[in-house]
Amino acid sequence: MDHQHLSAPESAQINPREPLYGAAALAVRDQLREPSALDSAVRVAREMLAAYGSTDYADHAAVAQAFGATRESLRILLRALGAETTTPPAAPAPPAERCPAAHPDDPTPCGGPVVVTVLDRHTAGVTGCEHHGARLLASIDGARVVPLPDAPEGAAIRVFKKADTLRPFAWQEAGR
């Protein structure tokens with residue numbers, strides 16, 4: 001019994017060379033077992049619910065983050081249950097003639113489907129393609145960009161980075 005913690009009471013000391021029986025064996029087994037996929041999915045779902053269960057719906061970025069976390073935890077849960085969908089998510093709708101973020105004086109065509117919302121400092125917003133979203137973001141002081149729920153991964157980041165390289169009202173420059 002040279003591996004025992006001598007300050008523990010005699011009843012709590014376990015000889016590692018002796019087999020375990022009863023409750024002690026079950027406790028050790030439960031500590032050593034790998035969690036199942038379902039156990040992990042339930043843990044993730046509980047963590048997401050705790051983190052995003054009381055989202056401020058006036059904060060569009062928080063809503064987008066909560067939506068993404070909820071979607072991911074549901075996907076993990078469905079996979080653990082063997083019910084994950086094999087159908088890919090629907091592609092964003094093709095752009096209309098011009099997206100709502102396109103300025104009437106901006107002659108450039110849309111750069112793909114509508115994937116982001118550009119919000120001003122008062123949270124008034126307009127949806128747009130990446131190209132016009134970046135141009136609008138560069139032209140409004142205090143604006144921010146959030147992805148739509150079905151936007152491709154990184155759409156808002158690309159818009160933000162592109163806007164950083166543009167001058168405000170870029171369509172008014174020669175060569176546009």
Side-chain angles (χ1 to χ4, degrees), residues 37-176:
L38 184 57
D39 291 338
S40 296
V42 168
R43 182 185 51 75
V44 168
R46 285 180 175 152
E47 288 175 8
M48 293 302 111
L49 187 58
Y52 300 108
S54 59
T55 301
D56 176 11
Y57 290 99
D59 182 351
H60 294 282
V63 170
Q65 187 174 17
F67 176 82
T70 303
R71 180 176 56 187
E72 183 65 12
S73 70
L74 281 173
R75 189 185 62 72
I76 292 168
L77 201 55
L78 287 171
R79 184 188 317 141
L81 293 171
E84 186 174 23
T85 180
T86 57
T87 308
E97 184 77 21
R98 303 238 307 155
C99 70
H103 191 277
D105 295 337
D106 185 348
T108 60
C110 285
V114 172
V115 292
V116 295
T117 301
V118 178
L119 301 166
D120 68 11
R121 66 181 66 180
H122 304 290
T123 66
V126 63
T127 58
C129 66
E130 288 187 28
H131 172 72
H132 290 115
R135 288 178 150 223
L136 183 62
L137 184 64
S139 302
I140 300 175
D141 284 339
R144 62 180 190 220
V145 63
V146 294
L148 294 178
D150 58 349
E153 190 72 29
I157 302 273
R158 286 189 298 277
V159 168
F160 181 81
K161 287 180 176 180
K162 179 65 178 174
D164 191 42
T165 67
L166 298 173
R167 298 185 76 141
F169 308 103
W171 56 90
Q172 293 179 343
E173 296 176 3
R176 300 176 184 208

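The figures that follow rest on heavy atoms only: side chains count, while hydrogens, waters and symmetry mates do not.
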Please list all pairs passing the salt bridge (Lys or Arg N to Asp or Glu O under 4.0 Å) test where one or both residues lie in residues 67-81, with sequence neighbours left out.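 Non-adjacent pairs meeting salt bridge (Lys or Arg N to Asp or Glu O under 4.0 Å): Glu72-Arg75, Arg75-Glu84, Arg79-Glu84.
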Pairs in or reaching into residues 45-54: which pass salt bridge (Lys or Arg N to Asp or Glu O under 4.0 Å), with residues at least two apart or in two chains? Arg43-Glu47
For [X], side-chain contact (heavy atoms from CB on, under 4.5 Å) partners two or more places apart:
| X | answer |
| --- | --- |
| Leu166 | Ala134, Arg135, Ala138, Lys162 |
| Ala41 | Ile76, Leu77, Ala80 |
| Pro168 | Ser139 |

Heavy-atom pair with the smallest gap, counting every atom of [X] and [Y]:
| X | Y | value |
| --- | --- | --- |
| Ala156 | Val146 | CB-C, 4.2 Å |
| Ser73 | Ala45 | CB-CA, 4.2 Å |
| Gly111 | Cys129 | N-SG, 3.4 Å |
| Val126 | Ala101 | CG2-N, 3.9 Å |

From [X] [atom1] over to [Y] [atom2], what is the distance, rounded to the nearest 0.5 angstrom?
| X | Y | atom1 | atom2 | result |
| --- | --- | --- | --- | --- |
| His103 | Thr108 | NE2 | OG1 | 11.5 Å |
| Asp150 | Phe67 | CG | CZ | 8.0 Å |
| Asp106 | Gln172 | CG | CD | 10.0 Å |

Any pair with a residue in residues 139-169 that passes ring-ring contact (aromatic ring centres under 6.0 Å, His included), sequence neighbours left out, goes on the list, sorted by first then second residue, please. Phe169-Trp171
What pairs of residues pass the ring-ring contact (aromatic ring centres under 6.0 Å, His included) test when at least one of them lies in residues 123-142, not counting sequence neighbours? none
Arg158: what forms a salt bridge (Lys or Arg N to Asp or Glu O under 4.0 Å) with it, not counting sequence neighbours?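 By the salt bridge (Lys or Arg N to Asp or Glu O under 4.0 Å) rule, Arg158 matches Glu130.
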Under 3.5 Å, side-chain donor or acceptor atoms of residues 117-124 against the rest of the protein: list the pairs with distances, not counting sequence neighbours.
from	atom 1	to	atom 2	distance (Å)
Asp120	OD1	His122	N	2.8
Asp120	OD1	Thr123	N	3.0
Asp120	OD1	Ala124	N	2.9
Arg121	NH2	Asp141	O	3.1

Exceeds 12 heavy-atom contacts within 6.0 angstrom, atom CD1 of Ile157: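 Open.
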